[in-house]
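Throughout, protein chains are lettered first and strands after them, A, B, ... in sequence-line order, and every chain is numbered starting at 1.
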Amino acid sequence: MSKEVNRRDFLKLSSGTAALVGLSSIPGTLGAISSEQKRFNGSAKFVPSVCEMCTSSCTIEARVENGKGVFIRGNPNDKSRGGRVCARGGSGFNQLYDPMRLINPIMRVGERGEGKWKEVSWDEAYTFIAKKLEEIKEKYGAHTVAWTARSGWTKVWFHHLAQAYGSPNIFGHEATCPLAYGMSGKDIYGSSIGRDFAKAKYIINMGHNVFEGVVISYARQYMSALQNGAKVVTLDPRLSMMAAKSSEWHKIKPGHDLPFVLAFMNVLITDELYDKEFVAKNCEGFEELKNSVKEYTPEAMAKECDIDAGTIRRLAHEFAAAAPKAIFDYGHRVTLSAQEMELRRAMMMINALVGAVEKEGGYYLPKNSKFYNALLGEDDPKAPSLKKPKTPAYPKVEVPRIDRIGEEDCEYFLASKGQGITTLVPKAALNELPGVPYKIHGWFIVRNNPVMNYANLETVLEAIKAMDLVVAVDYQVSDTAWYADIVLPDTTYLERDQEITAGGGKNPSFSIGRQKVVEPIGNSKPTWLIAKELAEKMGLGEYFPWADVEDYRLQQVGDDIDLLAELKLKGLKSFGVPLMLQDKKSVAKFVKKFPGAAAKVNEEGLIDFPKKIQLFSHKLEKVSGTGGLSYNPYKYKEVDELFFINGKSAVRTNGAGANNVWLNNLLSEAAAWIHPNTAKKFGIKDGDEIEVYNKYATQRGHAMLTEGIREDTVFAYFGFGHVSKKLRFSGKGIHSNSLYPSFTGKNSGMDLHVVGVKIRKV
Amino acid sequence: MNPIWGSMEQYNPIVWPWPIAVYLFLAGLSAGSIMVALLVKWNRHEGEHNTIWDAMVKAGAILAPVTIIVGLLLLIFDLKKPFDFYWLLISYNFTSVMTLGVLALFVYTPIVLIFMLLIFEDTIRKVKLFSMLIPVIEFIKGFHSYAKIIEYSLFGIAIVVGAYTGFLLSAIQANPMWNTPVLPLLFLTSGVSAGIAANILVGLMFFKSSINKESIKYLLVMDLRVIMTELPLILVLFVGMMYTGGDSLVAAKQALSTGYWAKVFWFGVIGVGLVLPLIIAFTALRNHAYKVGYIMINSFVVLCGVMMLRFYIVYAGQLFTGV
Amino acid sequence: MAKKYGMIHDENLCIGCQACSIACRSENDIPESVYRLQVRVLGPKKLPDGNMIFEFHRQSCVHCENTPCVTVCPTGASFVDENGISLVNTDICVGCLYCNAACPYDARFVNPITHAPDKCTFCKESRLGRGEEPACVSVCPTEAIVFGDINDPTSKISKVLSQRPTYHQRADLGTEPKMFIVPNKKGGIQS
């Protein structure tokens with residue numbers, strides 16, 4: 001059955017989605033201040049900045065249009081993104097003057113989650129928080145306050161403040177999203193890994209849905225690969241946009257990606273398709289790997305992953321033939337199996353096996369200034385490196401972190417302290433974790449939304465209710481802010497300057513971070529200022545020796561004022577030429593540009609890897625006996641249940657999209673994708689109101705019948721079913737994280753986004 | 001795929017709703033009434049008073065201006081910018097059927113008003129309230145030597161107006177049911193049919209008149225003839241759509257078989273509007289039961305049928321485009 | 001020679017992400033309840049080889065050469081400018097919606113603020129004058145939209161038109177749209 005939609009069905013489907021809900025009267029919001037004029041006081045010329053509508057942080061530029069609005073586009077100086085922006089990025093202006101946006105601090109006057117608030121001054125807010133933090137410090141110790149901040153700038157300020165206060169428990173959002181592949185890259189290659197999609201001839205994609213997740217540079221690269229005739233094979237239980245655009249789509253069984261990858265690897269090794277020379281020269285641990293995957297033949301794994309053995313063999317052979325212009329895409333959101341660490345390591349090792357690393361169309365190591373400069377001769381010009389402003393030493397902490405990162409026996413040792421396993425915070429608030437002699441009593445949450453984004457809503461809410469202090473910093477009353485004691489209004493990204501960031505792709509690059517396009521609205525404050533002022537209130541002002549962001553930036557660049565000037569004007573800057581260590585042409589160009597680098601070039605005209613590629617992890621073996629690869633079947637669901645999985649829509653984010661009218665008018669409620677044959681069994685018709693339920697939660701939504709999903713699987717876009725009643729579109733659709741178990745992946749610390757559910761018609 | 005492109009409300013296929021259907025009905029009725037009145041006047045009226053023929057002329061003379069004016073007001077208030085309607089009178093586009101229609105109505109409406117004044121001259125002279133109209137009548141009567149020519153012109157313009165309501169729709173290429181040359185003919189014919197029926201009804205109800213068997217028989221036969229012309233036109237409309245194939249064929253099939261509007265067509269347009277009058281007329285004629293009641297019911301049923309035809313064509317034409 | 005602006009929508013490159021729709025709204029100040037531009041994602045459609053695809057339909061004005069909307073407009077409010085862009089002069093529009101009824105592409109809607117029909121203008125009023133491409137073109141992540149002067153043989157649009165097979169929606173009507181569609185290679189050509 002193909003899904004025919006005619007004009008009248010369209011009307012039926014979408015009627016009412018544009019309806020607006022009445023303005024908020026919650027204290028502290030923009031809507032509550034009726035006299036607030038919508039003045040667009042800002043730059044009429046394009047100002048380079050960085051998007052913040054999702055975490056992809058694409059380069060943008062924005063300008064005020066005839067005083068009427070703000071137009072946002074991609075930064076044309078960024079070749080990888082071509083001056084492009086997605087729907088989410090384009091709607092940034094819509095949240096600027098959202099009447100439901102928070103512009104004054106608010107303090108809870110009822111129970112947590114009751115929604116009773118009073119507006120307070122910044123000084124009252126700081127005083128309250130400082131006093132509470134001091135109380136907790138005295139009663140339980142500063143380490144019992146956990147600090148979770150969004151990636152990038154908020155981490156810089158608030159992880160700093162946390163450690164100055166005396167807490168080692170600092171976290172980012174990574175454990176709910178990309179942590180495991182970063183850990184895997186570190187373990188195998190010694191760093192994270194870039195993917196040269198555009199030049200690849202063959203890509204295996206296991207649910208890396210870049211055409212709906214829309215990371216602009218990835219989407220563009222994948223598209224040009226497809227246009228250039230590359231073969232893209234997508235394995236996904238659902239017909240994602242990626243799957244629909246791919247050359248082949250295989251409906252892999254949810255949660256069972258690892259058996260496929262292991263079988264794939266088994267074929268590469270057994271059929272001797274791997275690059276023997278490359279492996280011998282650049283890798284360590286091949287024999288251990290070979291032994292560990294010996295038993296995972298395609299025949300043995302086919303029934304596990306539901307991809308037939310012949311197909312696995314064919315794909316492995318095709319992939320090896322296309323190498324080195326071949327990419328085994330290790331994905332992005334890594335919450336798809338119970339063995340994330342094994343899965344992502346296995347995926348990443350495949351490119352090493354076929355020798356497709358540091359070659360055009362394969363993997364590459366990101367080259368920051370330090371990496372790049374190490375290859376240069378004495379007389380070559382060097383890439384700039386950013387300095388960190390000098391601040392006093394942090395007080396010593398005697399206890400381990402709740403995730404024990406930094407301890408000798410920690411199973412999550414591959415995560416950095418700034419990443420951490422933030423999903424352990426709720427668990428540590430309810431019980432003392434093994435090897436951790438304390439419970440968490442306070443949570444300082446900056447632009448993170450655990451109530452929406454952490455698996456198992458029930459655990460998160462219980463933990464929040466058990467805490468002595470919950471502080472939220474956000475630009476709206478997010479689901480987490482809804483349960484907080486006090487909420488501090490952040491500016492949106494269009495109103496804020498941020499520090500310079502440095503990184504690297506094929507060569508080092510620098511970004512201005514964010515630049516102000518319009519003046520801050522109401523009494524909202526940028527996070528750097530909130531951290532600094534709060535620190536001063538707490539008596540920790542000496543830790544923040546900068547007047548403002550401009551001062552901080554000057555301290556970052558040191559003498560290199562030109563770098564700052566150029567970044568402010570263009571938004572970004574790269575240094576040198578792109579370099580692929582194992583590509584003769586690229587190395588030759590590099591040496592031509594930097595003659596001093598000739599010393600590092602070997603007799604083949606290539607540059608050796610700075611560190612051998614590890615196909616077996618001695619550290620993992622020592623800590624938890626997981627140095628090789630192994631598959632341990634996991635029971636995701638009962639026999640009579642269906643798999644439930646989720647994913648990203650192009651017009652939504654998981655945590656923060658609920659108030660954006662433009663985006664919500666495009667999609668205000670995500671339907672549950674159900675196969676027609678499955679729906680028939682349950683007597684469900686297209687558009688029916690249904691309940692998706694299991695032992696953790698019951699969620700309501702509408703059924704969407706489609707052949708683009710496995711018969712044993714239900715799918716819904718995430719970011720719906722918001723809990724905060726002060727979000728405009730709260731309660732609509734399925735809150736997918738409420739259905740997931742409270743689970744912490746071995747070694748990876750990852751959440752798990754595959755679970756069993758039942759469905760019924762309401 | 002989830003519909004992630006937003007509301008589809010703006011694509012409501014019904015761009016022209018019920019006031020347009022009513023307007024088309026009233027304009028057709030107006031043209032039909034005046035044509036029938038003129039025909040009766042020319043053929044039967046001279047020297048006869050207080051007959052059905054006299055009443056029909058009077059009815060036509062009053063119906064034509066009243067319906068067209070009500071119709072036009074309805075049209076104006078259905079505009080999205082009703083207070084800008086004057087642009088219709090000062091900015092023209094001669095490729096637009098609507099512009100041509102505006103011009104035709106610009107001529108037609110004053111003339112039917114004048115016709116009304118002349119027919120009701122005696123009444124106007126008797127009623128004090130209307131005394132200010134007398135000079136107007138006197139002025140017009142100054143042109144009495146052109147009276148016949150003006151009447152013939154009025155008849156001609158009435159044909160234009162009656163057909164225009166069809167051309168207005170048939171100019172729309174996107175809707176197969178509208179985009180056919182049959183439509184002006186069909187609307188003109190059914191307008192005449194409505195004109196006869198309305199003139200009879202209003203004539204019998206408001207203008208004291210005698211009616212004899214001969215007249216009743218004549219009127220019933222006239223009704224039969226018009227209906228017998230309409231039926232093949234409707235047939236031609238759909239057969240034409242079907243032979244055009246593609247979207248037209250799909251549209252025709254859907255319009256005749258899908259949902260509410262197919263029911264309106266079969267029960268309303270065909271059943272009530274055409275078959276029922278045929279049955280009434282045939283039964284009356286065969287049984288020689290020439291009662292006024294029959295003719296009244298018949299006229300009322302015919303009017304309902306014509307109205308439903310307009311509603312059906314307006315709505316089904318927009319809903320079923322075969323795409 | 002006068003310009004003749006046209007646009008290409010490539011179904012192969014389109015990912016249905018609605019970036020174009022949002023950019024249009026942001027640049028042209030479109031009221032929240034209505035759209036000058038939507039990209040409908042239809043399907044999935046099953047191919048003979050068992051694979052499935054989505055189809056992408058850009059819903060917006062196609063800027064016909066033979067404009068039914070202009071032909072029927074009683075006041076001349078609907079017109080085509082010297083560069084082939086179909087526009088509405090809201091000052092002399094009476095809101096009869098004859099143009100809406102006549103448009104085979106459902107391209108027009110009633111703007112709730114002006115009460116006149118509104119539609120894609122290729123960003124004439126907002127961007128073309130500044131020498132910028134239409135908003136949708138400028139943001140499209142995968143460059144699925146090409147805009148330019150068809151009369152200029154050196155323009156990008158002319159080049160793409162000479163290289164790729166394209167089709168028109170409702171070509172049977174003889175409206176000759178200046179919106180060209182590159183059909184989905186994976187799904188086979190259809191119109």
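Put simply, the side chain of C:Asn28 does not reach to within 4.5 Å of the side chain of A:Phe71, judged on heavy atoms. Residues A:Leu663 and C:Ile22 have side chains in contact (heavy-atom distance under 4.5 Å, counting atoms from C-beta outward). Using a 4.5 Å heavy-atom threshold, the side chains of A:Asn94 and C:Glu32 count as touching. Within the 4.5 Å cutoff, the side chain of A:Arg84 has heavy atoms near those of the C:Cys140 side chain. Residues A:Leu666 and C:Tyr35 meet the side-chain proximity criterion, which asks for heavy atoms closer than 4.5 Å. The closest side-chain heavy-atom distance from C:Pro44 to A:Thr706 is below 4.5 Å.
Scanning all heavy atoms of the two residues, the minimum distance from C:Asn51 to A:Ser247 falls at ND2-O, 3.3 Å. Considering every non-hydrogen atom in both C:Cys17 and A:Ala87, the closest pair reads O-CB, 3.4 Å.
The closest donor-acceptor contact from the side chain of C:Ser26 to the backbone of A:Val70 lies under 3.5 Å. A:Lys245 places a side-chain N or O within 3.5 Å of a backbone atom of C:Cys14 that can act as its donor or acceptor partner.
At a threshold of 4.0 Å, the pair C:Glu132-A:Arg63 counts as salt-bridged, since one of the basic side-chain nitrogens sits closer than that to a carboxylate oxygen. Salt bridge absent: A:Arg81 and C:Glu143 never bring a charged side-chain N and a carboxylate O closer than 4.0 Å.
Applying the side chain to side chain contact (heavy atoms under 4.5 Å, CB included) test between C:Pro141 and each of A:Val210, A:Val85, A:Ile216 identifies A:Ile216 as the sole match.
To the nearest 0.5 Å, atoms OG (A:Ser246) and CD1 (C:Ile53) are separated by 12.5 Å. Here C:Lys46 contributes atom NZ and A:Leu239 contributes atom CG; the two are 11.0 Å apart, rounded to the nearest 0.5 Å. A distance of 9.5 Å separates CZ of C:Arg25 from OG of A:Ser91, quoted to the nearest 0.5 Å.
The side chain to side chain donor-acceptor pair (under 3.5 Å) search around A:Ser240 returns none, not counting sequence neighbours.
At a 4.5 Å heavy-atom cutoff, A:Ser649 makes no contact with chain C through either its backbone or its side chain. Of the two parts of C:Ser21, only the side chain, counted from C-beta on, holds a non-hydrogen atom closer than 4.5 Å to a non-hydrogen atom of chain A. Of the atoms belonging to C:Val41, it is side-chain heavy atoms, and not backbone ones, that fall under 4.5 Å from chain A.
Applying a 4.5 Å heavy-atom cutoff, the residues of residues 221-234 of chain A that approach chain C are A:Met223, A:Gln227.
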